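Encoded as structure tokens, the structure appears first; notes follow it.
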There are 2 protein chains.
Amino acid sequence: MSIDQSARRGIPEVTVARLPEYLRALRGFAEQGTTSISSEDLAAATGVRSAKVRKDLSQLGSYGVRGVGYDVDHLAYQISLALGQTHDWPVAIVGMGNLGRALAAYRGFATKGFRIVALLDQNELLHGERIAGLVVRPVTDLPELVLEGLAIGVIATPADSAQDVSDRLVDAGVRSILNFAPTMLTVPDGVVVRKVDLSTELQILAFHEQRKVEPPTHLQEARA
Amino acid sequence: MSIDQSARRGIPEVTVARLPEYLRALRGFAEQGTTSISSEDLAAATGVRSAKVRKDLSQLGSYGVRGVGYDVDHLAYQISLALGQTHDWPVAIVGMGNLGRALAAYRGFATKGFRIVALLDQNELLHGERIAGLVVRPVTDLPELVLEGLAIGVIATPADSAQDVSDRLVDAGVRSILNFAPTMLTVPDGVVVRKVDLSTELQILAFHEQRKVEPPTHLQEARA
DNA sequence: ACGTCCTTGTGAAGAGATGCACAAAGTCAC
DNA sequence: GTGACTTTGTGCATCTCTTCACAAGGACGT
């Protein structure tokens, strides 16, 4: 897994995955005027143990003050620095189906430092259409977009064209991909892929749901 | 974390999370006529190590044949059995914004045994509107839906109403929740929550992207 | 029927993440 | 200044997940 490589000598991947949660919680505290916060309170707000919070934060450096806690603003700044939120990341969304359109219209990205700079689709019929203030363009525009700074590509196509789109993204120079298509992507070393699969999440829930209905399956069989 | 509880004495959570991937790969192999598959090939198709595949599958039982491999159809059946895909799971989506509408229109759920039975929103103005063949209903209909078998709730509301919706789901008797709102939900024991956060995923990508641009930050500082 | 070959299933080792518990280090009241 | 108090940062034990490596088991050709 190419993600693990970049964690080598760096911050553990599990910690990185929690940093956005801490950051969100901190922003919340800052909004309601809290200026200082203990690891215990931050843990409560994010649903983890306080020791884990402290260990995670210590990966970034020693930004806490013993006996007091962490300065909310300063810690938020340090985390956003680590996450690269200090500058804007241009993002392109490929695939203008239902999901692609929803992502294009989603307001939550802008505040996190992501700017959707292009909407692409392989279907010519969509080219030129206006969605969320942007004109849909062909995927052949990708090299041009990378020259303009594009770094992150979001794949919101059906499964069967996802690998093709992925190849085009990689060829154009994109090295970070968020994949919503229900398929595994093959990419060269150095390219990081994260996958979000709605069906998978529901299937995991279904597994647990099923467990609740008939918990002691083995025992029941043994009883027969 | 309530999810870990159900993993106690059962299949490890990490394994459960990989089962849908195996199942998807198996369906693909079945479609192209492959009847038998080795752990090595299944590993290649899903991007994991073969030993991991074998250990994961051995959690379900001994369905492989030494020297030969696994029967594709039988293994797919066993996994779908473990995941509870043998019967349909009624799903309700709460929050008919962009994302909620996209989810309502998503065709991928049906083939995985999920049936979207209701679309709900707290905004009265939307009630009665038709989306993807379903009429939008008020969240107060939840108890009724649970009586009709509703088991899984999807939260696609803005962050500020997510906890309220979550409480209503739980009160109505829903014990499995998929949360797309960028906020932590507090639920009683026995309720399983999975969270999908689009911004978080992008932030993790941005972290890795940043690493690539300026790998040896500390060394640069030391040099100064 | 026998031996060769192949792949599973799994103990054991290794790597990684989590949780505990406490010394270290700072604040604050007086 | 001093001491009581609070909370961090972290070494260590524990737990979980992964990887290795190989014996056990079964198919298949001869």
Side-chain angles (χ1 to χ4, degrees), chain A residues 1-19 21-22 25-26 29 34-72 74-76 78-79 82 204, chain B residues 1-19 21-22 25-26 29 34-72 74-76 78-79 82 204:
Chain A
M1 262 132 261
S2 48
I3 283 178
D4 291 338
Q5 287 187 335
S6 89
R8 172 180 47 109
R9 294 249 158 236
I11 302 173
E13 188 64 21
V14 279
T15 295
V16 173
R18 281 190 292 266
L19 290 180
E21 297 304 318
Y22 298 144
L26 287 169
F29 281 114
T34 312
T35 58
S36 180
I37 191 160
S38 69
S39 61
E40 202 68 54
D41 290 346
L42 189 51
T46 52
V48 302
R49 303 281 183 151
S50 63
K52 208 191 282 185
V53 170
R54 290 198 296 277
K55 206 153 246 179
D56 283 343
L57 296 182
S58 74
Q59 301 280 354
L60 307 179
S62 251
Y63 299 125
V65 179
R66 296 176 190 223
V68 176
Y70 301 87
D71 180 85
V72 172
H74 185 236
L75 185 56
Q78 290 297 338
I79 293 179
I204 295 170
Chain B
M1 262 133 261
S2 47
I3 283 179
D4 289 339
Q5 287 187 337
S6 91
R8 171 182 48 109
R9 294 251 157 234
I11 302 174
E13 188 63 21
V14 279
T15 295
V16 173
R18 281 189 294 264
L19 290 180
E21 297 303 318
Y22 298 144
L26 287 170
F29 281 113
T34 312
T35 58
S36 180
I37 191 160
S38 69
S39 62
E40 202 68 53
D41 291 345
L42 190 51
T46 51
V48 303
R49 302 283 184 148
S50 63
K52 208 191 279 187
V53 170
R54 290 199 296 278
K55 200 146 251 183
D56 282 344
L57 296 182
S58 74
Q59 302 280 354
L60 306 179
S62 249
Y63 300 124
V65 179
R66 295 174 190 226
V68 177
Y70 301 86
D71 180 86
V72 172
H74 185 237
L75 185 56
Q78 289 298 338
I79 294 179
I204 295 170

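Letters A, B, ... mirror the listed sequences (proteins, then strands); counts begin at 1. It should be emphasised that the depicted structure is a prediction, and the values quoted were computed from it without experimental measurement.
Counting any heavy atom pair closer than 4.0 Å across all strands shown, A:S62 reaches sugar-phosphate atoms only and no base atom.
Between A:R18 and A:V53, every side-chain heavy-atom pair lies at or beyond the 4.5 Å cut-off. Side chains of A:L42 and A:L57 form a contact here, defined as non-hydrogen atoms less than 4.5 Å apart.
Here D:dT8 presents its P atom at 8 Å from CD of A:E40, a figure rounded to the nearest Å. Residue A:D41 contributes atom CG, which lies 14 Å from atom C1' of D:dT8 at whole-angstrom precision. We find that CD1 of A:I11 is positioned 16 Å from P of C:dG16, with the value rounded to whole Å. The CG-P distance, from A:L75 to D:dG9, rounds to 10 Å in whole Å. The separation between B:Q78 atom CD and C:dT8 atom P is 16 Å, rounded to whole Å. Computed from coordinates, the A:I37 CD1 to D:dT8 C1' distance equals 14 Å when rounded to whole Å. The CG atom of B:L60 sits 12 Å away from the P atom of C:dT10 (whole-angstrom rounding). In this structure, A:Y70 places its OH atom 15 Å from P of C:dT27, rounding to the nearest Å.
By the side chain to side chain donor-acceptor pair (under 3.5 Å) test, A:T46 is found to be paired with no residue, residues two or more places apart in sequence or in another chain being considered. Applying the side-chain contact (heavy atoms from CB on, under 4.5 Å) test to B:S50 and every residue at least two apart in sequence or in another chain returns B:S39, B:E40, B:A43, B:R54. Applying the side-chain contact (heavy atoms from CB on, under 4.5 Å) criterion to A:A76, with sequence neighbours excluded, gives A:L23, A:L26.
Residue B:S39 places at least one side-chain N or O under 4.0 Å from the OP1 or OP2 atom of C:dT8. The side chain of A:Y63 contributes no N or O atom lying less than 4.0 Å from OP1 or OP2 of D:dT7.
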Each nucleotide in nucleotides 24-30 of chain D should get exactly one letter: B, S or -. Can you fill that in based on protein heavy atoms under 4.0 Å? BB-S---
Going 5' to 3' through nucleotides 12-20 of chain D and flagging B where a protein heavy-atom sits under 4.0 Å of the base, S where only the sugar-phosphate is that close, and - otherwise, we get B----SSBB
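In plain terms, the two heavy atoms of A:V48 and A:Y22 that are nearest each other are CG2-OH, 4.0 Å.
Among residues at least two apart or in separate chains, there is no ring-ring contact (aromatic ring centres under 6.0 Å, His included) pair with a member in residues 38-60 of chain A. The ring-ring contact (aromatic ring centres under 6.0 Å, His included) pairs that include a residue from residues 36-56 of chain B number zero, where partners must be two or more places apart or lie in different chains.
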Without placing hydrogens or testing angles, list every side-chain donor-acceptor pair under 3.5 Å for residues 61-70 of chain A, not counting sequence neighbours.
residue: A:Y63; atom: OH; partner: A:L60; partner atom: O; Å: 3.3
residue: A:Y63; atom: OH; partner: A:Q78; partner atom: OE1; Å: 2.9

